[in-house]
Amino acid sequence: MRVLLAEAQALVREGLKRVTLQILGTCEFVEATDREAALDVVIGASPCDAAWFDAALFALDEIAVLRRDQPRLLLLALVAHRNAAASMR
């Protein structure tokens, strides 16, 4: 499985790698630290099977376009809230 990690923070990307490897065993990881790099990977010649991404990188309409144009791509959004109650919704 080829997995995109689209997140600016290296520590977060490393944590996502560890979690993903614990779940799946083996993966090929592609890293992107900003929106443009993530889009280059997603629409590139070697598509990913899944993408962990910082939800702040994309507008909701862009995520909808990704879902429409890449229906086989599993999108996993990372969302941070200062208010713990808001993150539980």
Side-chain angles (χ1 to χ4, degrees):
M1 176 174 267
R2 191 164 192 254
V3 179
L4 169 63
L5 303 174
E7 165 59 49
Q9 303 297 320
L11 184 61
V12 174
R13 289 192 312 272
E14 287 304 314
L16 291 171
K17 283 182 190 177
R18 288 179 184 218
V19 168
T20 304
L21 288 172
Q22 285 179 347
I23 295 168
L24 298 175
T26 60
C27 289
E28 174 189 354
F29 294 101
V30 181
E31 297 184 34
T33 58
D34 60 32
R35 179 184 170 280
E36 290 76 23
L39 287 175
D40 286 345
V41 172
V42 170
I43 62 176
S46 298
C48 291
D49 301 298
W52 286 102
F53 67 96
D54 180 347
L57 291 177
F58 300 102
L60 288 177
D61 60 332
E62 292 175 311
I63 295 170
V65 169
L66 285 175
R67 291 184 69 194
R68 184 194 69 213
D69 294 348
Q70 304 286 333
R72 298 180 70 90
L73 177 63
L74 175 62
L75 296 172
L76 302 158
L78 304 168
V79 180
H81 289 283
R82 290 177 191 239
N83 180 343
S87 65
M88 299 302 287
R89 294 183 191 157

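Heavy atoms only: backbone and side chains are in, while hydrogens, waters and symmetry mates are out. All residue numbers refer to positions in the sequence shown, counting from 1.
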Does any part of the side chain of Met1, heavy atoms only, come nearer than 4.5 Å to the side chain of Val3, both counted from C-beta?
yes
More than 12 heavy atoms of other residues, nucleotides or ligands under 6.0 Å from CZ of Arg2: yes or no?
yes
Looking at Arg13 and Glu7, is any side-chain nitrogen of the basic one under 4.0 Å from a carboxylate oxygen of the acidic one?
no
Taking all atoms of both residues into account, what is the closest heavy-atom pair of [X] and [Y], and its distance?
X	Y	result
Leu24	Cys27	CD1-SG, 3.5 Å
Ala6	Ala38	CB-CB, 3.8 Å
Leu66	Leu75	CB-CD1, 4.3 Å
Arg35	Phe58	CG-CE2, 3.8 Å
Ala51	Leu73	N-CD1, 4.0 Å

Between [atom1] of [X] and [atom2] of [Y], what distance do you get to the nearest 0.5 Å?
X	Y	atom1	atom2	answer
Arg72	Arg67	CZ	CZ	15.0 Å
Leu4	Trp52	CG	CH2	12.0 Å
Arg18	Leu21	CZ	CG	9.5 Å
Asp49	Leu74	CG	CG	9.0 Å

Are Ile23 and Phe29 co-members of a hydrophobic cluster defined by side-chain heavy atoms under 4.5 Å apart?
yes
Taking Val19 as the starting point, is it possible to reach Leu5 by hopping between hydrophobic residues whose side chains are less than 4.5 Å apart?
yes
May I ask you to decide if Ala59's main-chain N or O and Glu62's side chain share a donor-acceptor pair within less than 3.5 Å?
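At least one qualifying donor-acceptor pair exists.
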Just one of Leu16, Leu78, Ile63, Val42 clears the side-chain contact (heavy atoms from CB on, under 4.5 Å) bar with Phe53, so which one?
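The passing option is Ile63.
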